[in-house]
Amino acid sequence: GNSVTQMEGPVTLSEEAFLTINCTYTATGYPSLFWYVQYPGEGLQLLLKATKADDKGSNKGFEATYRKETTSFHLEKGSVQVSDSAVYFCALSSGGGADGLTFGKGTHLIIQP
Amino acid sequence: DVKVTQSSRYLVKRTGEKVFLECVQDMDHENMFWYRQDPGLGLRLIYFSYDVKMKEKGDIPEGYSVSREKKERFSLILESASTNQTSMYLCASRFSGGLGETQYFGPGTRLLVL
């Protein structure tokens, strides 16, 4: 079946540091890949996505590249801010019809000023 | 902007009660989903619906049922609440265009079963 593995954290960084959150997946076929972010007390928001191999998703300074050969979709940001503190979920969508997303367990990111 | 709303942010119920969680979306999306979110487990799919009056079991449907009588509304029902159903419940909706379509989430309902 499908699965997503990501570092759980918490990951603590100083403001302006470089961020990488690793995500690897197992899926049948050709999944679409997503990063969602959950700020404290809120639901999930889409951060970025990629729908085919070698696509790069980007938003708000965050980037992730769909690497089929390594089955990875690592999230990166060059300079994090305190406002980036949140929980980040890697997810995939695979299969036909209206099936749901398969999520990783989430990475809690804490940015210190 | 897509808006997904959930009827309550917080609920406290007693064991054995019947519980209804309501979700409404305003973008005419065909697909709707219910997930539960637990620490260390991430989000897990309970049920989803392709369209009105259609439903499919997700990964953890035991103890739950759903209803979709109107396109914009998807209800999750706990027939007899138990303490192990204490969790955060998240509803989502999506256009049925394919795997790459974005799911839009509501703010969540935090349910405590005593």
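Side chains are part of it too, since the values below use all heavy atoms of this structure and drop only hydrogens, waters and symmetry mates. In what follows, chains are A, B, ... by sequence order, proteins preceding strands, each numbered from 1.
Remark: A:Tyr30 OH is loosely packed, at most 12 non-hydrogen atoms of other residues, nucleotides or ligands lying under 6.0 Å away. Heavy-atom neighbours of B:Arg9 CZ from other residues, nucleotides or ligands within 6.0 Å: above the threshold of 12. Atom CD of A:Glu16 has 12 or fewer neighbouring heavy atoms from other residues, nucleotides or ligands inside a 6.0 Å radius.
Hydrophobic clustering, with ILVMFWY side chains joined whenever heavy atoms are under 4.5 angstrom apart, keeps A:Leu44 apart from B:Phe95. No single ILVMFWY cluster, assembled from side-chain heavy atoms under 4.5 Å apart, contains both B:Tyr104 and A:Tyr88.
Residue with the most contacts toward chain B among A:Ser32, A:Gly104, A:Gly41: A:Ser32 (heavy-atom pairs, distance under 4.5 Å). The greatest number of non-hydrogen atom pairs below 4.5 Å with chain B, out of A:Lys52, A:Lys49, A:Gln45, is found for A:Lys49. Your options are B:Gln37, B:Arg44, B:Gln6, and the one with the most heavy-atom pairs under 4.5 Å with chain A is B:Gln37.
The contact between B:Thr102 and chain A is made by backbone and side chain atoms together, counting heavy-atom distances below 4.5 Å. Using a 4.5 Å cut-off between heavy atoms, B:Leu43 contacts chain A through both its backbone and its side chain.
Looking at every heavy atom in both residues, B:Arg94 comes nearest to A:Ser93 through NH1-OG, 3.8 Å.
Distance check, rounded to the nearest 0.5 Å: OH of A:Tyr36 to CG of B:Leu90 gives 11.5 Å. Summarising the geometry, atom CG belonging to A:Leu46 is positioned 9.5 Å from atom CZ belonging to B:Phe105; distances are rounded to the nearest 0.5 Å.
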Could you walk me through whether A:Leu101 and B:Tyr35 pass side chain to side chain contact (heavy atoms under 4.5 Å, CB included), step by step?
CA-CA 10 Å; A:Leu101 292 166; B:Tyr35 296 86; 3.7 Å; yes
